[in-house]
Number of protein chains: 2
Amino acid sequence: MKKVSSKVVERLLIYRRLLRLYMQTDGPNIYSHQLSRMTGFSSAQVRRDLMEIGYFGSSAHGYDAEELLKSIDEFVNISEDFSIALVGLGQLGRAILDYFQGHGPNLRIEVGFDINPQKIDRVIQGCRCFHVDRMDEVLKNTNILVGIIAVPATNAQDIADRFISNGINSLLNYTPTRLQLPPHVFVENIDLMNSIEKAIFFARRPR
Amino acid sequence: MKKVSSKVVERLLIYRRLLRLYMQTDGPNIYSHQLSRMTGFSSAQVRRDLMEIGYFGSSAHGYDAEELLKSIDEFVNISEDFSIALVGLGQLGRAILDYFQGHGPNLRIEVGFDINPQKIDRVIQGCRCFHVDRMDEVLKNTNILVGIIAVPATNAQDIADRFISNGINSLLNYTPTRLQLPPHVFVENIDLMNSIEKAIFFARRPR
DNA sequence: TTCACGTTGTGATTTTTTTCACATGATTGC
DNA sequence: GCAATCATGTGAAAAAAATCACAACGTGAA
């Protein structure tokens, strides 16, 4: 299957989300310039992105929203249920848990890990919680492919290593730590402090 | 002053953070290949980035860590205290509050807004909380330049507009809404669902 | 002093990403 | 039926970002 850049995937997922909203209220078809307005990406970019997944519209009616949505769904192929593990159930970890268990029906944080005895062996928001020491044991018996890291920065690398040694090759890193990873592992860094510092920088400097 | 891309700023802020750690334990000087190993960026990229801010090392001892840090600090210029406003004090908003008030000494979420009466007119984590209806009034009397949006997706645009009409031109958007903004406004989108969907995608597809 | 070594700074190049611009094709109004 | 209109798909161009590769330099050992 054709390789596709992370940026394109990101935008496709955005179209996907917007299409769902669009279909609830608007007509059955949609134009690239509409997606452009909704996203802020240029209409040429929208068309290029849709080319990538081999979906073709008509020059008269643009794209059939429902078909397009289905095409993107097929392409990203995350419709079936998907299990995730989360390490770190502090304030941030619980917010993440809350956010994901609330929203999407197709993804689910299956298990959580922490070192705080208050969190362990409970079920929080439908997520079974274990002591971090049991990661290997627990992960062995699941088919989790994505790990979320929401621990203090100093422990992030350890947790990442543990995930990887259990065959997990896609990580969400909510710490500012720059993880050292083998090249086949995907990581998305969500660095809250970095984001706000950038925002502060550009609050005063033009782009 | 020279314009500099968001990507470069992002990396400079990462170097800045790592330099602080590095200086606590390691020698007074540092090489581009060390920063490369720590960050995952190539050493050539590190050198290019440092060129941008006009800091020059020596070919024998690399960079003087302290001087370099000072140069980056001067460049990003976010050392003095900096006030921020946060709208939305739900689970996510409070996690953000917790995170930022805990960490950096130089930035501070000064005021918060919500519609939940339980949150209003209290001080949470050193952040004074008001009803959203009082945004104009409260923001008028501060010199806040950065706004954080952590409300339900459907309200995000309204809040953004309100921020902008009060002269705030740099936003952190924690909702999946794609904001429509005038071109001078900087926005950093932190789209949690998008991130995890990307991670799921790349868990199964090579890059 | 001189040479070997390792690092910087950077021009040139490559790669990636985005935009331009237009031929093509479908539809509508007349 | 035909012209006018408006979107698409895409080759070509441009812009942005990253990498290559090497001259120049400073140091330390001999």
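Both backbone and side-chain heavy atoms feed into the values below; hydrogens, waters and symmetry mates do not. Within every chain, numbering begins at 1; the chains are lettered A, B, ... in the order of the sequence lines, protein sequences first and strands thereafter.
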Measure from NZ or CZ of B:R205 to the centre of the six-membered ring of A:F186, then state whether that distance is under 6.0 Å and the direction lies within 45° of the axis.
no
Has A:Q180 got more than 12 heavy atoms of other residues, nucleotides or ligands less than 6.0 Å from its CD?
yes
Among B:Y31, B:Y55, B:Y15, find the one that has a side chain to side chain contact (heavy atoms under 4.5 Å, CB included) with B:Y63.
B:Y55
Looking at [N], I'd like to know if its phosphate oxygens (OP1 or OP2) sit under 4.0 Å from a side-chain N or O belonging to [X].
| X | N | answer |
| --- | --- | --- |
| B:R11 | D:dA18 | yes |
| A:R48 | C:dT16 | no |
| A:Y31 | D:dG9 | no |
| B:S32 | C:dT8 | yes |

NZ/NE/NH1/NH2 to OD/OE distance under 4.0 Å, B:D73 and B:R20:
yes
For A:E197, is there an ion pair with B:R17 - N to carboxylate O distance below 4.0 angstrom?
no
Looking at B:L139, is its backbone amide N or carbonyl O close enough to the side chain of B:N166 to form a donor-acceptor pair, meaning the two atoms are under 3.5 Å apart?
no
Result for 5'-nearest mapping on DNA chain C, choosing between A:S59 and B:H33, is B:H33
Mind calculating the distance between [atom1] ([X]) and [atom2] ([N]) to the nearest angstrom?
| X | N | atom1 | atom2 | value |
| --- | --- | --- | --- | --- |
| A:Q45 | D:dT8 | CD | C1' | 16 Å |
| A:R47 | D:dG11 | CZ | P | 14 Å |
| A:E52 | C:dT16 | CD | C1' | 12 Å |
| A:K7 | C:dT19 | NZ | P | 10 Å |
| B:E67 | C:dT8 | CD | C1' | 15 Å |
| A:H61 | C:dT24 | NE2 | C1' | 17 Å |
| A:L68 | D:dT8 | CG | P | 11 Å |
| B:D49 | C:dT10 | CG | C1' | 14 Å |

Side chain of B:A44 (C-beta onward), nearest among D:dA21, C:dT27, D:dG9
D:dA21
Could you check whether [X] gets within reach of a base, just the sugar-phosphate, or nothing at all, counting any heavy atom under 4.0 Å?
| X | value |
| --- | --- |
| B:Y63 | sugar-phosphate |
| B:F56 | sugar-phosphate |
| B:S43 | nothing |

Under the criterion ring-ring contact (aromatic ring centres under 6.0 Å, His included), I'd like the reasoning laid out for B:F82 against A:F201: C-alpha separation, chi angles, the key distance, then a yes or no.
CA-CA 11 Å; B:F82 208 89; A:F201 180 86; over 10 Å; no
Taking only Watson-Crick and G-U wobble pairs with both distances under 3.5 Å, what dot-bracket line describes DNA chain D, where [ ] shows pairs that cross earlier ones and | shows pairs with another strand?
||||||||||||||||||||||||||||||
